[in-house]
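Worth saying up front: this structure is predicted, and the values here are computed from it rather than measured.
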Amino acid sequence: MSTLAEMLRSTTLQHRNRLAVLDDERRLSYADFLNRVQRAAGVLRGLGLAPGARFGVIAPNTPQNAELFYGGYWSGTVPVPVNIRLAPLEMRDVLQDAGVECLFVDSAFQGLLEEEALSPWRGNSVLTRTLKGKERSYEALSACAEPLPIHPGRPDDEAIVLYTGGTTGRSKGVPLTHRNILSDALQCAPAFGPRKDDIYLHAAPMFHSADLLGTIWYLFGGAHAYMPAFSPAGLLETLDRLKITFTMLPPTMIIMALQAPDFSAYDLSNLRGMIYGASPMAVEWIRRTTKALPGVELYQGYGLTETSPLLSILTWEAHREGLETGDYERLASCGRPITGVDLRIVDEAGREVATGEAGEVSAQGPNITKGYLNRDDENRRTFRQGWFHTGDVGRKDEEGFVYLLDRKKDMVVSGGENIYTSEVEAVLYRCGGVHEAAVIGIPDETFGETLLAVIVPAEGIHLTPEEIIAHCRGKIGGYKIPRRIQFVEALPKNALGKVLKTELRRRYA
């Protein structure tokens with residue numbers, strides 16, 4: 001089993017008649033799904049895509065997307081899913097950077113093909129999830145395609161190209177190999193305990209690396225459901241109607257669902273496990289989640305697009321122990337490195353620092369990409385002597401738990417003091433009436449930088465800067481207390497709910 005296509009073939013041999021994919025329109029066994037994947041591979045080959053060629057996908061989460069991705073793996077061609085929230089010019093930059101030859105566009109985004117920025121792909125585009133009878137529709141091409149034999153791929157062949165979220169600047173193309181993705185799935189599986197009778201919900205966008213966690217359930221014969229768009233009611237209804245047992249959600253989605261006024265009306269008794277990631281979750285929300293979902297095991301995953309996706313996991317056992325003992329600091333960690341990952345905290349020279357000291361998180365492992373597309377300078381800075389330097393600042397404790405302190409670019413130096421904004425945000429979240437908070441550094445003539453807290457108050461709550469400052473006194477050093485406070489209705493975020501501090505700095509600098 002050296003490629004994702006061979007994995008699917010192996011899973012189908014073992015679980016041929018088990019449910020593989022379900023939605024409102026269909027229920028496919030693994031045998032049915034494999035047949036559609038082979039036809040998708042035939043469609044790709046029929047469009048002139050040779051092994052190694054890349055094709056773009058602009059679409060929400062759908063079973064057709066899964067068929068196309070695996071059709072790419074089966075045929076040796078490479079899917080490049082595009083963030084559907086990007087502007088047309090940004091989409092063009094991604095497609096050009098990746099050298100995309102053919103474009104699949106969901107019918108909901110058909111209007112994008114009229115945009116001048118995407119005109120180079122207009123003549124070689126295919127509509128997915130569209131009305132039958134359209135000649136250039138995926139379903140019409142699939143119905144006529146001959147199932148393609150499996151491409152004899154190798155573990156280090158490119159499987160997919162994902163683009164980073166761009167939270168610290170322009171997004172970068174990350175080629176992930178079959179070895180990268182399969183390694184991470186096998187490394188993470190023991191922590192999550194996948195079952196063949198699980199139904200896994202793909203709620204994280206399929207253009208994001210978090211969706212790769214679904215590989216674990218393809219590996220072990222579980223069923224898969226796909227949620228095209230998020231809303232609190234839509235998520236809860238899907239969990240109830242499809243009897244979902246496991247999913248991955250950003251904290252923002254979890255918090256919004258828990259706040260739904262009719263939360264208790266949904267039957268979530270089948271849900272047994274939930275992974276959260278992209279950003280930490282405040283302890284109070286962890287407690288509220290376990291209280292609202294008493295039968296659900298929580299896992300936090302820390303990783304990046306470059307790591308396929310996880311480097312470490314805070315297990316359910318660690319969550320439970322922290323809640324039972326009151327050791328809430330442990331709940332602020334992102335767990336221990338997964339098996340097969342060597343994770344170190346290093347200084348600017350790349351030397352490992354002492355336990356408890358802050359430094360940059362760097363890692364080695366079979367799940368880590370070898371480098372970015374078309375970014376030689378970035379590769380020299382980020383991949384050094386076999387180590388991937390994440391750009392995250394963290395520390396390790398005596399038991400090997402990793403604590404993220406900040407992004408290197410988000411750390412603020414004020415009056416010569418290093419301030420980790422995540423530490424300040426943790427204190428702000430403990431202030432009654434604060435729904436969300438983000439802290440950034442803005443220019444200051446006296447101190448070089450000073451702290452600005454951008455706060456979203458809870459619904460119906462009025463806060464003042466004086467109340468925020470008074471709350472912080474005694475909880476953190478005086479130099480860490482934000483002296484400038486901005487109240488807003490919402491924070492800018494990427495598709496997975498991570499706050500875009502680059503945008504905040506642009507707004508308030």
Side-chain angles (χ1 to χ4, degrees), residues 81-94 96-97 117 162-174 204-205 207-210 250-253 277-280 302-307 309 334 360-361 372-375 377-379 381-382 388-394 404-414 418-426 428-429 435-444 447-456 480 482 484-509:
V82 180
N83 185 339
I84 58 177
R85 299 172 64 178
L86 295 179
L89 286 173
E90 294 173 308
M91 290 181 174
R92 179 202 64 188
D93 290 345
V94 167
Q96 285 182 340
D97 187 63
L162 299 175
Y163 275 74
T164 60
T167 56
T168 58
R170 186 176 175 182
S171 62
K172 301 180 287 288
V174 181
F207 57 76
H208 195 283
S209 63
T252 301
M253 289 186 184
S279 61
Y302 161 60
L304 304 92
T305 306
E306 296 89 336
T307 62
C334 55
E360 184 177 11
V361 179
Y372 303 115
L373 280 182
N374 312 319
R375 300 286 194 281
D377 291 344
E378 188 80 21
N379 286 335
R381 288 192 296 269
T382 306
F388 167 52
H389 292 257
T390 66
D392 290 328
V393 178
L404 295 183
L405 302 173
D406 231 329
R407 290 287 299 172
K408 284 181 71 175
K409 294 182 180 180
D410 291 338
M411 187 180 75
V412 176
V413 182
S414 181
N418 291 348
I419 302 173
Y420 300 112
T421 57
S422 59
E423 181 185 4
V424 182
E425 289 161 359
L428 293 174
Y429 271 108
H435 175 60
E436 290 186 302
V439 174
I440 60 172
I442 57 175
D444 183 87
F447 298 103
E449 286 185 293
T450 191
L451 294 182
L452 167 68
V454 186
I455 293 173
V456 179
K480 301 178 184 178
R484 301 186 187 183
I485 314 292
Q486 185 76 32
F487 295 106
V488 298
E489 292 184 0
L491 296 173
K493 297 174 183 175
N494 68 8
L496 216 60
K498 187 179 292 186
V499 175
L500 298 172
K501 290 193 174 182
T502 301
E503 173 62 19
L504 289 177
R505 282 190 286 267
R506 187 191 65 80
R507 290 184 189 179
Y508 298 110

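Smallest separation of non-hydrogen atoms from Val456 and Glu489: CG1-O, 3.5 Å. Nearest approach of Pro88 to Ala117, heavy atoms of both residues: O-CB, 3.7 Å. Residue Lys501 comes nearest to Ala438 through the heavy atom pair CE-CB, 4.4 Å, listed as atom of the first residue, atom of the second, then distance. Minimum interatomic distance between Tyr420 and Val393 (heavy atoms only, all atoms of both residues): CE2-CG1, 3.4 Å.
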Side chain to side chain contact (heavy atoms under 4.5 Å, CB included) for Phe388 and Thr382? Distances and angles first, verdict last.
CA-CA 6 Å; Phe388 167 52; Thr382 306; 3.4 Å; yes
Could you go through Tyr302 and Thr390, starting from their C-alpha distance and side-chain angles, then the distance that decides it, and tell me whether this counts as side chain to side chain contact (heavy atoms under 4.5 Å, CB included)?
CA-CA 11 Å; Tyr302 161 60; Thr390 66; 3.8 Å; yes
Derivation and outcome, side chain to side chain contact (heavy atoms under 4.5 Å, CB included), residues Arg507 and Val488:
CA-CA 12 Å; Arg507 290 184 189 179; Val488 298; 5.8 Å; no
Walk me through it: do Val499 and Glu436 pass the test side chain to side chain contact (heavy atoms under 4.5 Å, CB included)?
CA-CA 10 Å; Val499 175; Glu436 290 186 302; 5.7 Å; no
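In this structure, CG in Asn494 is found 9.0 Å from OG1 in Thr252, a value given to the nearest 0.5 Å. Rounding to the nearest 0.5 Å places CG of Asn83 at 9.0 Å from NE2 of His208. Here the straight-line distance linking atom CG of Leu86 with atom CZ of Phe207 works out to 7.5 Å at 0.5 Å rounding. The structure places CD of Glu425 at 10.0 Å from CD1 of Ile455, a figure rounded to the nearest 0.5 Å. Atom CD1 in Ile440 sits 5.0 Å away from atom CG in Leu504 (nearest 0.5 Å). The distance from atom NZ of Lys172 to atom CG of Leu373, rounded to the nearest 0.5 Å, is 12.0 Å.
If you run side-chain contact (heavy atoms from CB on, under 4.5 Å) between Val174 and each of Leu304, Thr305, Thr307, only Thr305 comes through. Of the residues listed (Leu452, Val454, Leu451), the one engaging Arg484 in a side-chain contact (heavy atoms from CB on, under 4.5 Å) is Leu452, and it is the only one.
Annotation: side-chain hydrogen bond (donor to acceptor under 3.5 Å, both in side chains) contacts of Arg381 (sequence neighbours excluded): Glu378. For Asn374, the side-chain contact (heavy atoms from CB on, under 4.5 Å) criterion is met by Asp97, not counting sequence neighbours.
In this structure, the side chain of Ser209 does not engage the main chain of Pro309 through any donor-acceptor pair within 3.5 Å. For the pair Thr164 (side chain) and Ser171 (backbone), a donor-acceptor distance under 3.5 Å is absent. Checking side-chain atoms of Glu449 against main-chain N and O of Ser414 turns up no donor-acceptor pair under 3.5 Å.
Under 4.0 Å is where a charged nitrogen must lie from a carboxylate oxygen, and between Glu306 and Arg375 no such pair does.
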